[in-house]
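Following: one structure in structure tokens, then a few remarks.
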Number of protein chains: 2
Amino acid sequence: MEKKTITIKDVAKEARVSAATASRALGNYGYVSDEARRKVLEAAKKLNYNHNLVAKSLRTHRTLIIGYLLPDITNPFYAGIARGIQDVAFEQGYNAIICNNDNDTTKTERFLKMFIRNRVEGIIYSTPFNKALEGMVEIAMKNGIPVVNCYGSTRVKALDVVTGDAEGGCYKVTQYLLSLGHTRIAFLKVLGSGISEKRFAGCKRAFEEKGLAMDPELILEANDYSQMSGYLTAKNFFSKKNKASALFAFSEQLGIGALKAAREEGIEVPGTLSLVAIDDIMAEMLHPPLASLSIPTYEAGRMAALLLFERIGGRVNVPSRQVMLEERLIMRESVSRVAMVNNEKEVSGEGGEISQEVKEVGEGEK
Amino acid sequence: MEKKTITIKDVAKEARVSAATASRALGNYGYVSDEARRKVLEAAKKLNYNHNLVAKSLRTHRTLIIGYLLPDITNPFYAGIARGIQDVAFEQGYNAIICNNDNDTTKTERFLKMFIRNRVEGIIYSTPFNKALEGMVEIAMKNGIPVVNCYGSTRVKALDVVTGDAEGGCYKVTQYLLSLGHTRIAFLKVLGSGISEKRFAGCKRAFEEKGLAMDPELILEANDYSQMSGYLTAKNFFSKKNKASALFAFSEQLGIGALKAAREEGIEVPGTLSLVAIDDIMAEMLHPPLASLSIPTYEAGRMAALLLFERIGGRVNVPSRQVMLEERLIMRESVSRVAMVNNEKEVSGEGGEISQEVKEVGEGEK
DNA sequence: AGAAATTCTGAGAACGTTATCATAAGCGAA
DNA sequence: TTCGCTTATGATAACGTTCTCAGAATTTCT
């Protein structure tokens with residue numbers, strides 16, 4: 001009563017042709033007469049034949065699988081990217097294997113090794129810097145597997161890169177706040193995050209253009225991009241006498257934490273404090289709706305996949321490309337024109353010289 | 001200058017053993033002397049050998065891959081399940097292929113066919129009823145691929161099922177509201193959703209236990225589980241003279257929509273209206289924090305994967321199992337004791353006889 | 001020491017496809 | 001008719017593993 005699996009040979013026999021012809025008919029390549037094709041397809045249907053892609057892959061050296069390495073699919077930021085990647089993959093007849101590394105070195109290593117062993121045809125990663133990443137990506141590329149970086153660590157050499165215009169986006173946000181009369185703007189950065197520094201550069205540029213100097217005391221450093229960090233850092237800041245009329249949080253989670261802290265301190269948003277964050281995932285749902293720098297995660301994922309499939313399709317000797325996606329400022333009720341002239345200590349001093357060691361952080365959102 | 005891929009034979013030659021011995025050493029099975037093992041591993045490292053899992057799969061009939069079919073990874077509800085599945089898969093040395101079917105028949109069919117062709121060892125699905133689903137699941141099981149249903153359509157016959165105790169959870173919520181003095185509770189259901197009916201049954205039970213009858217006019221039917229539907233349905237309800245002191249939305253998105261509508265109508269939550277929703281994904285982040293029936297998505301995913309791996313591990317002739325996960329009520333500020341005795345029309349009549357055609361909805365969250 | 005059990009090894013087939021190649025059939029042109 | 005070209009077909013050899021099996025080497029038991 002053993003159930004034998006149906007192979008292409010069974011189909012061929014049923015259709016009274018050779019296995020080669022059956023393969024051609026089923027795979028839709030080479031020369032096959034209409035008559036033969038009809039017979040083969042009929043036989044395949046009759047026998048409930050399921051094409052074995054494992055065998056096909058072994059023979060053709062094409063698995064129709066790509067790998068995507070991200071920190072955590074539960075984070076909507078990455079889920080958006082993943083969806084973009086998967087949609088393009090689907091269009092190309094490919095499948096994606098998605099792996100959550102939790103920014104963990106061991107997992108990164110294991111997953112990338114698994115990708116290579118499974119002979120994925122390409123890899124996209126969205127993870128921050130991580131010791132294992134660099135080495136494994138190098139190995140993958142040495143094995144002829146193209147690698148694309150989508151909002152991941154730029155310290156790792158990938159073929160192509162998709163990122164947001166962090167500097168430009170933050171420049172826009174700062175410019176906007178300045179245009180509403182805010183000069184005492186607090187920036188909620190993340191300590192040791194490379195991208196955080198890029199973002200901050202945009203803020204600085206807006207200040208410099210206006211000939212304004214930053215107050216170093218308004219530059220806040222959270223430990224990571226989490227909500228709790230935002231809450232703690234903001235809480236601590238609010239407890240000081242040094243006030244700001246606006247706060248720009250470098251992630252939505254940070255912003256949510258800051259909002260909670262503000263509410264607890266009786267600071268009205270946007271009455272007393274205007275608030276802007278980055279990401280724009282659930283910003284609209286919050287109360288008040290959070291003005292945000294929106295990151296087009298889905299589009300980023302699509303773009304990364306498109307670049308990857310170009311490489312898979314054979315365009316190997318093309319120089320590496322850097323796609324920069326615009327980050328749009330979405331104005332919402334959490335921001336208002338500055339209410340009264342700030343009567344506290346005037347901006348002064350040498351103007352925000354921050355010499356922060358730039359190393360990427362191994363946890364948090366990006 | 002062609003780069004030859006390194007095979008196990010190359011490793012064997014380098015180590016001066018046979019391919020069979022090399023395979024045993026690398027695969028860690030059978031008898032291998034320490035000496036031979038050492039030589040093989042050394043040679044493998046020296047040559048940068050990458051085990052070819054495609055070939056291995058062909059020979060062993062094991063791909064170490066499972067498939068997971070969900071509506072949309074961007075929906076945090078499913079992302080949680082996915083994460084649970086992936087973590088268990090990782091522990092078992094497996095990979096998961098995740099496919100978004102968008103509740104679309106064509107995609108469902110294509111993905112499931114793809115699963116079978118790729119010889120995945122098991123399938124988990126979380127999608128609502130869908131014509132293609134039933135047939136394809138049957139085909140998969142006929143091909144010996146175990147299928148587990150995790151919060152998906154119960155109209156499709158799967159080996160094992162993981163769901164939440166919808167009836168019991170909603171019973172608890174209703175009981176809780178009743179205990180706070182609310183008798184005029186509006187229920188925001190979804191038209192034609194099977195699970196919605198199960199949930200409602202729990203609500204009814206709580207009413208019946210207290211000897212109370214439901215007011216049919218407080219039973220609201222949204223078109224799907226989306227935020228917009230919640231908004232529209234609630235908005236329409238609020239415009240009528242018939243009031244409620246509490247509203248129970250059957251999804252978080254519905255709840256968010258209702259909250260928005262309430263805010264627009266000047267209805268204070270929880271002052272005038274208490275609000276409870278189901279899911280508990282971002283409920284805590286909202287303002288006011290939303291009391292919720294929490295669904296343990298991550299645990300559900302883990303559980304589903306565990307059941308699946310038991311089947312993959314050979315426990316085939318075990319009767320099908322139904323795991324029911326508790327849904328916990330999380331109390332938060334969106335609910336308060338009923339403020340004043342409702343002076344409107346008293347509950348009366350024949351007590352909520354709802355004869356709604358039970359058919360599952362093809363869109364929305366669950 | 002000899003028998004029996006255990007450990008180790010390698011040759012060769014098998015997994016289910018497709019690629020290669022040789023050959024044949026059909027057809028229009030010279 | 002013969003030649004050349006296109007179309008069609010099947011036998012056979014891969015693809016890179018592991019399985020099977022037979023036999024050699026080693027250890028353990030009488």
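Note on naming: letters A, B, ... go to the chains in the order of the sequence lines (proteins, then strands), and numbering restarts at 1 for each one.
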Closest to the [X] side chain, choosing from [options]:
{"X": "Arg59(B)", "options": "dT9(C), dT18(C), dA14(C)", "answer": "dA14(C)"}
{"X": "Tyr29(A)", "options": "dG10(D), dT18(C), dT18(D)", "answer": "dT18(C)"}
{"X": "Ser23(A)", "options": "dG16(D), dT18(C), dG10(C)", "answer": "dT18(C)"}
{"X": "Ala55(B)", "options": "dT17(D), dT7(C), dT18(C)", "answer": "dT17(D)"}
{"X": "Ala36(B)", "options": "dT9(C), dT18(C), dG16(C)", "answer": "dT9(C)"}
{"X": "Thr5(A)", "options": "dT17(D), dG16(C), dA8(D)", "answer": "dG16(C)"}

[X] [atom1] to [N] [atom2]: how many Å, rounded?
{"X": "Tyr31(A)", "N": "dT23(C)", "atom1": "OH", "atom2": "P", "answer": "19 Å"}
{"X": "Leu47(A)", "N": "dG16(C)", "atom1": "CG", "atom2": "P", "answer": "15 Å"}
{"X": "Leu26(B)", "N": "dC19(D)", "atom1": "CG", "atom2": "P", "answer": "13 Å"}
{"X": "Lys56(A)", "N": "dC15(C)", "atom1": "NZ", "atom2": "C1'", "answer": "17 Å"}
{"X": "Ile8(A)", "N": "dG10(D)", "atom1": "CD1", "atom2": "C1'", "answer": "13 Å"}
{"X": "Arg38(A)", "N": "dT9(D)", "atom1": "CZ", "atom2": "P", "answer": "12 Å"}
{"X": "Arg62(B)", "N": "dC15(C)", "atom1": "CZ", "atom2": "C1'", "answer": "16 Å"}
{"X": "Leu64(A)", "N": "dT17(C)", "atom1": "CG", "atom2": "P", "answer": "15 Å"}

- Starting from the C-alpha separation in whole Å, work towards a yes-or-no answer on side-chain contact (heavy atoms from CB on, under 4.5 Å) for Phe111(B) and Met136(B). CA-CA 10 Å; Phe111(B) 283 131; Met136(B) 294 308 299; over 6 Å; no
- Item | Distance-only side-chain donor-acceptor flag, Asn101(B) / Tyr125(B), under 3.5 Å | no
- Message: Ring-plane angle category for Tyr94(B) and Phe309(B), please: parallel below 30°, perpendicular beyond 60°, tilted otherwise.
- Response: perpendicular
- Identify, between His61(B) and Gly30(B), the residue whose nearest nucleotide on DNA chain C lies closer to the 5' end. Gly30(B)
- How do Ser33(B) and Thr60(B) order along DNA chain C: which one's closest nucleotide is nearer the 5' end? Ser33(B)
- Message: My understanding is that only one of Thr297(B), Val162(B), Val88(B) makes a side chain to side chain contact (heavy atoms under 4.5 Å, CB included) with Arg302(B); could you say which?
- Response: Val88(B)
- Message: Once you apply a heavy-atom cut-off of 4.0 Å, does Val54(B) come out as touching a base, just sugar-phosphate, or nothing?
- Response: nothing
- Do Arg24(A) and dG10(D) have a side chain to base donor-acceptor pair shorter than 3.5 Å? yes
- Stepwise side-chain hydrogen bond (donor to acceptor under 3.5 Å, both in side chains) check, Thr7(B) with Tyr49(B): CA-CA 7 Å; Thr7(B) 75; Tyr49(B) 171 68; over 6 Å; no
